[in-house]
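Counting starts at 1 for both ligands and their atoms, in listed order. All values reported here derive from a predicted model rather than from experimental measurement.
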Amino acid sequence: MERTFLMIKPDGVQRNLIGEIVARFERKGFQLVGAKLMRISKELAETHYAEHKERPFFRELVSYITSGPVFAMVWQGEGVIETARQMMGKTNPKEALPGTIRGDYGISVGKNVIHGSDSPESAEREIALFFKEEELVDYPKTIDAWIY
Ligand code: DAT
Ligand code: MG
């Protein structure tokens with residue numbers, strides 16, 4: 001089953017949005033297979049966001065993402081990578097539609113509440129970067145028969 005890496009950023013944690021955001025993915029029907037509250041080191045932040053190394057906002061991005069604890073998660077389900085991106089909304093909360101996480105909870109692109117992998121390749125890379133294999137829990141859910 002497909003998996004993606006989602007992370008509630010420091011602003012989302014400080015604003016008490018962990019429960020609210022987790023609830024959206026649970027209600028959708030996706031399955032949580034790993035989660036932890038953690039601090040991101042500067043090194044991990046730079047590796048995670050390596051694709052943006054040359055962008056003008058890179059330093060600000062690393063400083064923001066390391067500014068407080070984040071809530072890192074792995075979610076599983078059919079099409080979860082693409083659907084989670086849709087549920088998050090556009091990168092800039094000003095362009096994100098109401099009903100999406102960034103549309104409902106954010107205002108500025110520099111504090112956009114949540115991260116989600118944007119492709120199968122980045123999902124695989126980011127899951128491995130943040131979680132050890134033994135931290136991911138494989139378990140059946142009987143309710144899946146009512147979702148799929
Ligand atoms: P996403 O998080 O939607 O995958 P991205 O990968 O293009 O977006 O950028 C990563 C993060 O960098 C994004 O969540 C917020 C920040 N960012 C992107 N564009 C920015 C900009 N123009 N100014 C400031 N921060 C920006
Ligand atoms: Mg991205």
Side-chain angles (χ1 to χ4, degrees), residues 1-138 147-148:
M1 189 67 96
E2 187 173 301
R3 289 180 171 181
T4 195
F5 174 70
L6 301 181
M7 178 171 74
I8 302 174
K9 295 179 176 179
D11 51 325
V13 172
Q14 292 296 329
R15 293 176 54 209
N16 300 318
L17 294 174
I18 294 176
E20 200 71 48
I21 292 170
V22 167
R24 289 184 178 221
F25 293 103
E26 284 187 315
R27 286 198 297 254
K28 176 70 177 168
F30 292 135
Q31 182 178 354
L32 187 63
V33 295
K36 57 183 170 187
L37 187 72
M38 62 180 285
R39 274 180 201 285
I40 299 187
S41 66
K42 187 162 177 279
E43 294 67 36
L44 178 56
E46 287 172 352
T47 308
H48 173 65
Y49 279 127
E51 64 171 315
H52 299 304
K53 211 167 49 226
E54 308 303 333
R55 308 282 285 276
F57 57 81
F58 183 69
R59 288 169 72 86
E60 196 186 340
L61 180 59
V62 169
S63 129
Y64 156 56
I65 211 70
T66 57
S67 64
V70 299
F71 193 66
M73 302 167 281
V74 177
W75 286 86
Q76 177 173 293
E78 259 178 47
V80 68
I81 299 171
E82 175 59 27
T83 302
R85 292 282 300 186
Q86 286 173 6
M87 291 169 69
M88 286 162 49
K90 288 205 177 170
T91 302
N92 187 340
K94 289 191 176 68
E95 294 165 9
L97 295 175
T100 65
I101 293 165
R102 287 162 169 172
D104 287 350
Y105 302 130
I107 292 176
S108 60
V109 70
K111 294 206 167 53
N112 63 359
V113 184
I114 186 168
H115 167 84
S117 307
D118 63 5
S119 68
E121 295 70 36
S122 59
E124 195 182 331
R125 187 182 83 90
E126 292 168 1
I127 290 169
L129 200 52
F130 282 84
F131 287 89
K132 301 187 184 110
E133 192 53 52
E134 63 265 27
E135 290 176 314
L136 302 178
V137 187
D138 219 344
I147 295 170
Y148 296 105

Would you say CD of Glu124 has more than 12 non-hydrogen atoms from neighbouring residues, nucleotides or ligands within 6.0 angstrom? no

Please work out whether any backbone atom (N, CA, C, O) or any side-chain heavy atom from C-beta onward of Lys111 is under 4.0 Å from ligand 1, and answer side chain, backbone, both or neither. neither

Minimum-distance pair of heavy atoms, taken over all atoms of His48 and Leu129: CA-CD2, 3.7 Å

Would you call the rings of Phe131 and Phe5 parallel, tilted or perpendicular, taking 30° and 60° as the class edges? perpendicular

Once you restrict to heavy atoms under 4.0 Å, what part of Met88 touches ligand 1? Side chain, backbone, both or neither. neither

With the threshold set at under 4.0 angstrom, would you say Arg85 reaches ligand 1 through any of its heavy atoms? yes

Can you see which heavy atom on Pro69 is nearest to which on Arg39, and at what distance? CD-NH1, 4.0 Å

Nearest heavy-atom neighbours spanning Asn112 and Pro93: CB-CG, 3.7 Å

Could you pull out the closest heavy-atom pair between Val113 and Ile101, with the gap in Å? CG1-CG2, 4.2 Å

Does even one non-hydrogen atom of Val109 get within less than 4.0 Å of ligand 1? yes

Under the ring pair (Phe, Tyr, Trp, His ring centres under 6.0 Å) rule, what do Phe25 and Trp75 come out as? Steps first, then yes or no, please. CA-CA 8 Å; Phe25 293 103; Trp75 286 86; 5.7 Å; yes

List the closest protein heavy-atom neighbour of atom 6 (O) of ligand 1: residue, atom name, distance to the nearest 0.1 Å. His52 NE2, 2.9 Å

Steps toward side chain to side chain donor-acceptor pair (under 3.5 Å) verdict (Tyr64, Asp11): CA-CA 9 Å; Tyr64 156 56; Asp11 51 325; 2.6 Å; yes

Can you check whether Arg55 has an N/O within less than 3.5 Å of an N/O in ligand 1? no

Could you tell me whether Lys42 and Glu46 have a side-chain N and a carboxylate O separated by less than 4.0 Å? yes

Please determine if Asn112 has a nitrogen or oxygen closer than 3.5 Å to a nitrogen or oxygen of ligand 1. yes

Do any nitrogen or oxygen atoms of Tyr49 come within less than 3.5 Å of a nitrogen or oxygen of ligand 1? no

At a 4.0 Å cut-off, with the gap strictly under it, does some heavy atom of Glu60 reach an atom of ligand 1? no

Which protein heavy atom lies closest to atom 1 (P) of ligand 1, and at what distance to 0.1 Å? Thr91 OG1, 3.5 Å

For Arg102, atoms of ligand 1 separated by under 4.0 Å from a heavy atom: 1 (P), 2 (O), 3 (O), 14 (O)

Quick one: nearest non-hydrogen protein atom to atom 18 (C) of ligand 1, plus distance? Phe57 CZ, 3.5 Å

Counting heavy atoms only, which part of Leu61 comes closer than 4.0 Å to ligand 1: side chain, backbone, both or neither? side chain

Check contact between Met7 and ligand 1, using heavy atoms of the residue and a distance below 4.0 angstrom. no

